[in-house]
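In what follows, a single structure is set out as structure tokens and then discussed.
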Amino acid sequence: MDPLFYSNWGLTDHELQTIPPALVRSFRKPGVGSFGSQLRNNWGRLLMRDAFNSELYAPLQAEYVKGKEAGSDIWIHKNRYVYLLARTWSYLT
């Protein structure tokens, strides 16, 4: 089976020190904070690696876990916005 790649936020403490200030400001919300801020209700730190709030949509998360256990699926932790425009898809096929 071909591997399936998943990509979602998953910052590290080191990356909190190195990401551009403009990116940090774009995620700053009143009363919540920004990247790495502790969220209420055991949701973990905002968009940090292995935090509950940085998991995939539940059905996809379950599929990823199955694929990971089977040794076929790969998670890519992102630390920047990702923009794939429709015209770039032809380069990926």
Side-chain angles (χ1 to χ4, degrees):
M1 177 182 237
D2 290 332
L4 188 59
F5 292 86
Y6 296 83
S7 179
N8 205 17
W9 288 96
L11 298 168
T12 64
D13 285 314
H14 173 74
E15 289 168 333
L16 290 179
Q17 305 303 315
T18 61
I19 56 178
L23 183 59
V24 174
R25 281 192 301 275
S26 71
F27 271 82
R28 189 171 293 142
K29 305 292 182 240
V32 176
S34 190
F35 295 124
S37 298
Q38 185 65 44
L39 300 174
R40 296 178 285 214
N41 301 326
N42 296 320
W43 281 69
R45 293 172 62 202
L46 183 62
L47 298 178
M48 297 297 287
R49 193 168 293 191
D50 300 321
F52 178 72
N53 71 86
S54 63
E55 288 185 357
L56 299 166
Y57 171 64
L60 287 177
Q61 183 72 24
E63 289 300 313
Y64 163 70
V65 170
K66 283 193 269 183
K68 179 182 174 188
E69 290 170 354
S72 62
D73 292 3
I74 300 167
W75 183 292
I76 300 170
H77 296 283
K78 70 178 192 169
N79 60 9
R80 300 287 194 275
Y81 287 115
V82 177
Y83 295 102
L84 292 176
L85 302 175
R87 65 177 177 233
T88 64
W89 287 110
S90 63
Y91 299 111
L92 300 174
T93 56

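Rounding to the nearest 0.5 Å gives a distance of 11.0 Å between CG of Leu39 and CZ of Phe52. Remark: Lys78 NZ to Leu47 CG distance equals 9.0 Å, nearest 0.5 Å. The distance from atom CG of Asn42 to atom CG of Asn53, rounded to the nearest 0.5 Å, is 11.5 Å. Atom CH2 of Trp75 and atom CD of Glu55 lie 7.0 Å apart (nearest 0.5 Å). Atoms CG and OH, from Asp73 and Tyr6 in turn, are 4.5 Å apart once rounded to the nearest 0.5 Å.
Partners of Glu63 by side-chain hydrogen bond (donor to acceptor under 3.5 Å, both in side chains), not counting sequence neighbours, listed by chain and number: Lys66.
No more than 12 heavy atoms of other residues, nucleotides or ligands shown are found within 6.0 angstrom of NZ on Lys68.
Criterion: ILVMFWY side-chain heavy atoms under 4.5 Å apart, direct or through other members. Under it, Trp43 and Trp9 are part of a common hydrophobic cluster. Val32 and Met48 fall within a single hydrophobic cluster, where Ile, Leu, Val, Met, Phe, Trp and Tyr are joined by side-chain heavy atoms under 4.5 Å apart, directly or via other members.
The closest side-chain heavy-atom distance from Leu4 to Tyr64 is not below 4.5 Å. With contacts defined as side-chain heavy-atom distances shorter than 4.5 Å, the pair Leu16/Arg45 qualifies.
Counting all heavy atoms, side chain and backbone alike, Gly44 lies closest to Ala51 at CA-CB, 4.4 Å.
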Show me the donor-acceptor pairs within less than 3.5 Å that the side chains of residues 18-31 make with the rest of the protein, sequence neighbours left out.
| residue | atom | partner | partner atom | Å |
| --- | --- | --- | --- | --- |
| Thr18 | OG1 | Glu15 | O | 3.3 |
| Ser26 | OG | Leu23 | O | 2.7 |
| Ser26 | OG | Tyr81 | OH | 3.1 |
| Lys29 | NZ | Ser26 | O | 3.3 |

